[in-house]
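Only a predicted model underlies this, so the values are computations on that prediction, with no experimental measurement involved. The basis for the numbers below is simple: all heavy atoms, side chains too, and nothing from hydrogens, waters or symmetry mates. By convention in this document, chain letters (A, B, ...) are assigned in the order of the sequence lines, proteins followed by strands, and residues within each chain are numbered from 1.
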There are 2 protein chains.
Amino acid sequence: MLNSYSSADKALLAVDCIIFGFDNEGLKILLIKRDFEPEKGKWSLIGGFLKRDEVLDNAAIRILNTYTGLNDIYMEQLYAYSEIDRDPVERTISVSYYALINIENHNAELIKNYHAQWFSVADAPNLIFDHNEMVEHAIRRLRYRTSIKPIGFELLPEKFTMRQLLELYEAILSKELDKRNFISKINSLEILNKLEEKDMQSSRKGSYLYTFNKEKYEEKLLNDFVLNL
Amino acid sequence: MLNSYSSADKALLAVDCIIFGFDNEGLKILLIKRDFEPEKGKWSLIGGFLKRDEVLDNAAIRILNTYTGLNDIYMEQLYAYSEIDRDPVERTISVSYYALINIENHNAELIKNYHAQWFSVADAPNLIFDHNEMVEHAIRRLRYRTSIKPIGFELLPEKFTMRQLLELYEAILSKELDKRNFISKINSLEILNKLEEKDMQSSRKGSYLYTFNKEKYEEKLLNDFVLNL
DNA sequence: TAACTTAAGTGTATAATATACATTAATAAA
DNA sequence: TTTATTAATGTATATTATACACTTAAGTTA
């Protein structure tokens with residue numbers, strides 16, 4: 001019978017997490033060295049199996065927490081991967097999730113746990129299964145996301161300079177942006193607070209620090225817009 | 001053990017298809033009256049279970065074909081739904097797919113099979129499980145798609161008038177568009193062939209028929225662009 | 001056959017936005 | 001005090017989006 005539940009095939013469901021971070025070296029992803037077979041010892045996305053009593057969103061949160069100690073990370077579902085032999089042990093459909101996090105805020109936890117490690121997107125190691133494809137797909141989604149939602153709050157330290165924000169966008173889009181045009185577009189969004197304080201690390205003159213205005217930022221997250229950079 | 005395959009929970013995997021069509025009454029979706037329990041007799045998206053030896057993309061194609069006889073329909077994956085009790089019989093994760101098809105080209109097959117029926121998006125019946133949510137989600141995706149890819153080829157008859165194309169976009173975006181601005185934007189894409197032939201149904205003057213220039217259309221599909229309507 | 005009705009077809013002026021581009025300012029180091 | 005380095009800033013031009021109304025073609029009707 002076409003639709004009998006009893007005769008339908010079951011499969012394992014996995015969740016894999018593409019965690020993006022940013023620091024002064026550029027855009028990074030968080031990987032783990034797999035500690036079980038198959039492919040033990042190879043680099044992998046953070047992943048795990050969906051439990052019986054759990055929805056995918058929560059599985060993603062739980063799995064990330066297990067490997068990194070990270071909490072309260074908001075992730076978005078990306079895509080379901082279902083090639084027959086994508087996992088050689090058993091038929092497994094994997095649903096990918098991606099998130100943006102602030103490396104500085106979270107690095108201590110990560111180092112303490114030693115399970116996860118940051119890699120530059122540009123020179124990440126080869127990954128198991130179809131995880132390379134998942135990462136590429138997530139980068140495409142992240143680039144698109146920059147055109148309809150502001151990005152930055154999740155990836156930058158609380159106080160940051162315009163240059164850091166510019167370099168973040170350049171890293172995500174992997175192209176150079178005109179500084180003056182960038183600044184005026186960002187300012188037109190009205191999501192930043194300019195502080196009196198200056199960062200004196202990067203130059204003799206020093207550059208003003210900014211914070212995100214969380215209320216306005218959240219507001220912009222709700223309504224899509226177009227940001228042509 | 002955290003990642004043992006043997007202890008992981010398996011689940012059923014389903015695929016549900018949101019099939020969009022368009023005719024002179026507006027944007028439509030294809031639904032079936034469910035012929036098995038639970039919710040037998042209620043309206044539902046076209047759906048079925050993923051088989052052991054099948055990838056999701058192919059399951060979507062097979063399931064659509066089973067219910068409608070439709071062949072060679074290109075579908076895109078949308079989202080995985082995993083609420084615990086979304087299907088009351090058994091834990092089932094459903095991956096949704098959506099497609100755009102041309103009602104005229106395919107209606108004969110559909111009527112022959114009597115399994116599926118078109119409904120206006122605006123006044124479709126209430127659907128089983130979380131299928132209403134899936135449809136809403138697909139409409140959002142479809143609207144977004146209009147801004148980055150041309151639409152029309154899939155939904156219109158081979159020869160069509162500018163008015164039909166305009167009304168298609170108005171139906172998808174559910175807003176009125178300025179006729180002159182619309183025509184000049186569409187013309188600037190250079191994806192249409194204007195025929196000598198006129199459609200004499202709609203007016204005394206008659207209106208020119210167009211076809212899509214498939215090569216240029218496909219080209220535009222490859223490269224994203226922004227079409228502000 | 002002239003007047004009428006109906007939808008088709010067309011262009012322009014203005015506003016908004018995107019882009020390209022170079023100089024001055026502030027400060028610490030030499 | 002000179003030098004070196006990065007920060008900060010504005011404007012002119014090109015492109016694109018928007019708002020808007022009249023004429024044309026042809027069948028129908030008086």
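Between B:Tyr98 and B:Tyr74, the ring center distance fails the sub-6.0 Å criterion.
Rounded to whole angstrom, the span from the CG atom of B:Asp178 across to the C1' atom of C:dG11 amounts to 12 Å. One can place CZ of B:Phe182 at 15 Å from P of C:dT10, the figure rounded to the nearest angstrom. Going from atom CG of B:Leu165 over to atom P of C:dA8 covers 13 Å, rounded to whole Å. Atom-to-atom, CG of B:Leu177 to P of D:dT18 comes out at 10 Å; the value is rounded to the nearest Å. Here the C1' atom of nucleotide C:dC21 and the CD1 atom of A:Ile183 are 14 Å apart, to the nearest Å. Rounded to whole Å, atom C1' of D:dT6 lies 14 Å from atom OH of A:Tyr208. Rounding to whole angstrom units, NZ of residue A:Lys175 and C1' of C:dA18 are separated by 12 Å. The separation between B:Asn228 atom CG and C:dA16 atom P is 15 Å, rounded to whole Å.
Minimum atom distance to the side chain of A:Met200 is reached by C:dT27, of the listed C:dG9, D:dG10, C:dT27. Here the nucleotide nearest the side chain of A:Ser207, chosen from D:dA8, C:dG11, C:dA18, is D:dA8.
Between the side chain of A:Lys179 and the base of D:dA8 there is at least one donor-acceptor pair of N/O atoms closer than 3.5 Å. For a distance-only test at 3.5 Å, the side chain of B:Arg204 fails to qualify as a donor-acceptor partner of the base of D:dT28. Under 3.5 Å, the side chain of A:Lys205 and the base of D:dT6 form no donor-acceptor pair of N or O atoms.
The shortest distance between the side-chain N/O atoms of A:Lys185 and the OP1/OP2 oxygens of C:dT19 is below 4.0 Å. For C:dA8, the OP1/OP2 oxygens have a side-chain nitrogen or oxygen of B:Arg163 closer than 4.0 Å.
For the pair A:Lys194 and A:Tyr210, the NZ or CZ position fails the cation-pi test of under 6.0 Å to the six-membered ring centre and within 45 degrees of the ring normal.
Applying side-chain contact (heavy atoms from CB on, under 4.5 Å) to A:Met75 and the options A:Ile101, A:Leu64, A:Leu56 leaves one that passes, A:Leu64.
Where B:Ser202 and A:Asn181 meet DNA chain C, the nucleotide closest to each residue was compared, and B:Ser202 sits on the side nearer the 5' end. Mapping A:Arg180 and A:Ser203 onto DNA chain D by nearest heavy atom places A:Ser203 closer to the 5' end of the strand.
B:Thr211 has its side chain out of reach of B:Leu192: every pair of non-hydrogen atoms, C-beta onward, lies at least 4.5 Å apart.
Distance check: B:Leu78 CG to A:Gln77 CD gives 9.0 Å after rounding to the nearest 0.5 Å.
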